[in-house]
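Report on the following structure.
Numbering starts at 1 and runs along the sequence shown.
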Amino acid sequence: MSKGDFDFNISVISGSSTCNAIRIIKDSRVEPPYYLKTFNSLAFSLAGEPFRWWEHIRYDRQVKRFRIEEPPVFILGHWRSGTTFLHNLLCEDPTAGYITTYQTVFPELLLGGQWLFKRFMQKKLPEKRAFDNMAIAPDSPQEDEVAITNTHPYGFYNFMIYPKKTKEYYQKYVEFSGVSEQLRNYWKKKYLRIVKKALIYTKGKRFISKNPPHTGRIKVLLEMFPEARFIHIYRNPIHVFISTKKMFKASLPPLQLHNITDAQLEENILWVYERMMRAYLRDRNLIPKNQLVEVSYEEFAENPVDTIRHIYSTLCLPSFERALPSIEKHVKEQRNYRTNRHHISPQIVEKIYARWKFAMDEWDYTLPANIEMTN
């Protein structure tokens, strides 16, 4: 058994509270092949309950009293648009605070239970992500939505557990459509707690968020943080589709509790991207001019340090020169990283053009040169 494999079959919700895990499991029908995974996940979650209660008793007052000193920075953009590399570089700033991989899985065992559960994660976590070979570690910067889903049952990433309900979860927990104002406010309260705990844990002053679902939550984020800064990174939609499908084909099987067909997966990708990008184009004008910068993935990949310098300058962020040596070092460590040559069928290209043409026109994209058409 290689590093990264669990000794027994468990889901990511094993790191959430038992109450939260039960509520997520009850939200849809667990299919028979996943009964053992579900049972083991609940058992593992239950084992962590005493540590969660201790964390609440010991640290809740500190979290409530904690004050966020600087406006957060939110990295927006669809999956596979360069958000991870951008996030990693911005988190090289010594003033940065961020949600770690450990916090995403064990959000209520962050301040009091890490001495035990972080060791467990260290042994079981693969060194690189399966779908793109990018390095990963317990204290690596990670996207917010995993922590949101493991904190309460109103996270969009429930779709990784029940992928057939992707559209429903997006409408409810990204758009907050058809949900009560009470639930919306509860979501904001819990997210604020996650952000505070991340800053306490990483000892940061400026919270740096990478979270693709936030691309459709601009209104909510501005309600919470009126002075927040936003970075939107975009990429050729053809590449985005191919890479997103590859990512989900690799990441969904260990997480899901029911099956999904290839056709359903493709439809979910097409639907979510269209919904997310239309929401961004509609709502970006709500962001004050000096609080938003848009970045091309292709330009960023070609000149990452210059792009980061441009972001700092446009958003009036301090401490770039202090962060520069670490940023340059990280860039050099990634210099051998190469994207693959991709293959795609004419039928899929036709679907992408039919539904995503508005985005291709907005950012002036055409069929990429490194795409090979296959039957």
Between Tyr170 and Asn268, is any side-chain donor less than 3.5 angstrom from a side-chain acceptor? no

Donor-acceptor pair, side chain of Thr149 and main chain of Val146, under 3.5 angstrom: no

Is there a donor-acceptor pair under 3.5 Å between the side chain of Arg206 and the backbone N or O of Pro318? yes

Would Ile57 end up clustered with Leu109 when hydrophobic side chains under 4.5 Å apart are linked, directly or stepwise? no

Is Arg65 reaching over with its side chain to a backbone N or O of Val63, donor-acceptor style, under 3.5 angstrom? no

Identify the heavy atoms of Ala279 and Gly216 that sit nearest to each other, and give their distance. CB-CA, 4.2 Å

Suppose we call two aromatic rings close when their centres sit under 6.0 Å apart. Are Tyr365 and Tyr297 close by that rule? no

Strictly under 6.0 Å, is that where the ring centroids of Tyr234 and Tyr280 end up? no

To the nearest 0.5 Å, what is the distance between CE (Met277) and OG (Ser81)? 6.5 Å

What's the spacing between Ile194 CD1 and Asp144 CG if we round to 0.5 Å? 7.5 Å

Any carboxylate oxygen within less than 4.0 angstrom of a Lys/Arg side-chain nitrogen, looking at Lys329 and Glu333? yes

Closest approach of Ile269 and Lys245, non-hydrogen atoms and distance? CD1-CA, 3.6 Å

Taking the six-membered ring for Trp, are Tyr169 and Phe159 closer than 6.0 Å centroid to centroid? no

If the plane angle is over 60° it's perpendicular, under 30° parallel, otherwise tilted; pick one for His152 and Tyr186. perpendicular

Between Arg282 and Glu175 (salt bridge meaning N to carboxylate O under 4.0 Å), is one present in this structure? no

Pairwise distance CG(Leu367) to CD1(Ile238) - rounded to 0.5 angstrom: 6.0 Å

Tyr162 vs His258 aromatic rings, parallel, tilted or perpendicular, using cut-offs 30° and 60°? tilted

Test your reading of the model: is there a side-chain donor-acceptor pair from His87 to the backbone of Ile208, 3.5 Å cut-off? yes

Could you state the interatomic distance from CZ (Arg80) to NE2 (His239), rounded to the nearest 0.5 Å? 11.5 Å

I want to check something: taking the side chain as every heavy atom from C-beta on, are Leu86 and Lys210 in contact at a cut-off of under 4.5 Å? no

State whether Glu108 and Arg193 are salt-bridged, where the test is any N-O pair (Lys NZ or Arg NE/NH1/NH2 against Asp/Glu carboxylate O) under 4.0 Å. yes

Got Phe207 and Ile99 here, is their nearest side-chain heavy-atom distance under 4.5 Å? yes

Worked verdict on Lys357 versus Asp361 for salt bridge (charged side-chain N to carboxylate O under 4.0 Å, His left out): CA-CA 6 Å; Lys357 187 176 184 299; Asp361 290 344; 2.7 Å; yes

Mind running side chain to side chain contact (heavy atoms under 4.5 Å, CB included) on Ile13 and Asn150 for me, showing each step along the way? CA-CA 6 Å; Ile13 57 173; Asn150 271 332; 4.2 Å; yes

Parallel, tilted or perpendicular: which one describes the rings of Trp79 and Phe248, with boundaries at 30° and 60°? perpendicular

Taking all heavy atoms of Thr95 and all of Ser319, pick out the closest pair and write down the distance. OG1-OG, 3.8 Å

Co-membership, hydrophobic cluster, residues Leu46 and Trp54, 4.5 Å side-chain: no

How about Leu89 and Phe300: do any of their side-chain heavy atoms sit closer than 4.5 Å? yes

Determine whether the side chains of Gln264 and Thr261 contain a donor N or O and an acceptor N or O closer than 3.5 Å. yes

Taking the side chain as every heavy atom from C-beta outward, state whether Val73 and Ile311 have any atom pair closer than 4.5 Å. no

Are Thr101 and Pro138 side-chain neighbours, meaning at least one heavy-atom pair lies under 4.5 Å? no

Separation of Glu168 CD from Ser177 OG (nearest 0.5 Å): 11.0 Å

Atom CH2 of Trp271 with >12 non-hydrogen neighbours under 6.0 angstrom: yes

Check this for me, if you would: do Glu267 and Arg355 make a salt bridge, where the nitrogen-to-carboxylate-oxygen distance has to be below 4.0 angstrom? yes

Tell me whether the centres of the aromatic rings in Tyr154 and Tyr173 are closer together than 6.0 Å. yes

Do Tyr98 side-chain atoms and Pro141 backbone N/O form a donor-acceptor pair below 3.5 Å? no

N/O donor-acceptor pair under 3.5 Å between Trp356 side chain and Leu270 backbone: yes

Does atom CD (Glu299) have a neighbourhood of more than 12 heavy atoms from anything else shown, all under 6.0 Å? no

Taking all non-hydrogen atoms of both residues, which atom of Lys37 and which atom of Pro254 are closest, and how far apart? NZ-O, 2.9 Å

Under the ring pair (Phe, Tyr, Trp, His ring centres under 6.0 Å) test, which residues partner Phe225, sequence neighbours left out? Phe74

When you check the gap from the basic side-chain N to the acidic O, do Asp283 and Arg217 get nearer than 4.0 Å? no

Pi-cation contact, Phe358 with Arg278 (under 6.0 Å, within 45°): yes

Between the main-chain N or O of Thr366 and the side-chain N or O of Asn236, is there a donor-acceptor pair closer than 3.5 Å? yes

How long is the gap from CG on Leu317 to CG on Asp93, to the nearest 0.5 Å? 8.5 Å

With a 4.5 Å cut-off on side-chain heavy-atom distances among I, L, V, M, F, W and Y, is there a chain of contacts connecting Val305 to Val293? yes

Flag the pair Val174 / Val272 as yes when at least one side-chain heavy-atom distance between them is below 4.5 Å, and no otherwise. no

Sequence neighbours left out, what passes ring pair (Phe, Tyr, Trp, His ring centres under 6.0 Å) with Phe320? Give chain and number order. Tyr312

Would you mind checking if Glu55 and Arg52 are paired as a salt bridge, meaning a charged N to carboxylate O distance below 4.0 Å? no

I want to check something: taking the side chain as every heavy atom from C-beta on, are Leu255 and Tyr157 in contact at a cut-off of under 4.5 Å? no

Examine distances only and state if a side-chain atom of Gln103 and a backbone atom of Ala147 form a donor-acceptor pair shorter than 3.5 Å. no

Does a side-chain heavy-atom distance below 4.5 Å link Asp306 with His310? no

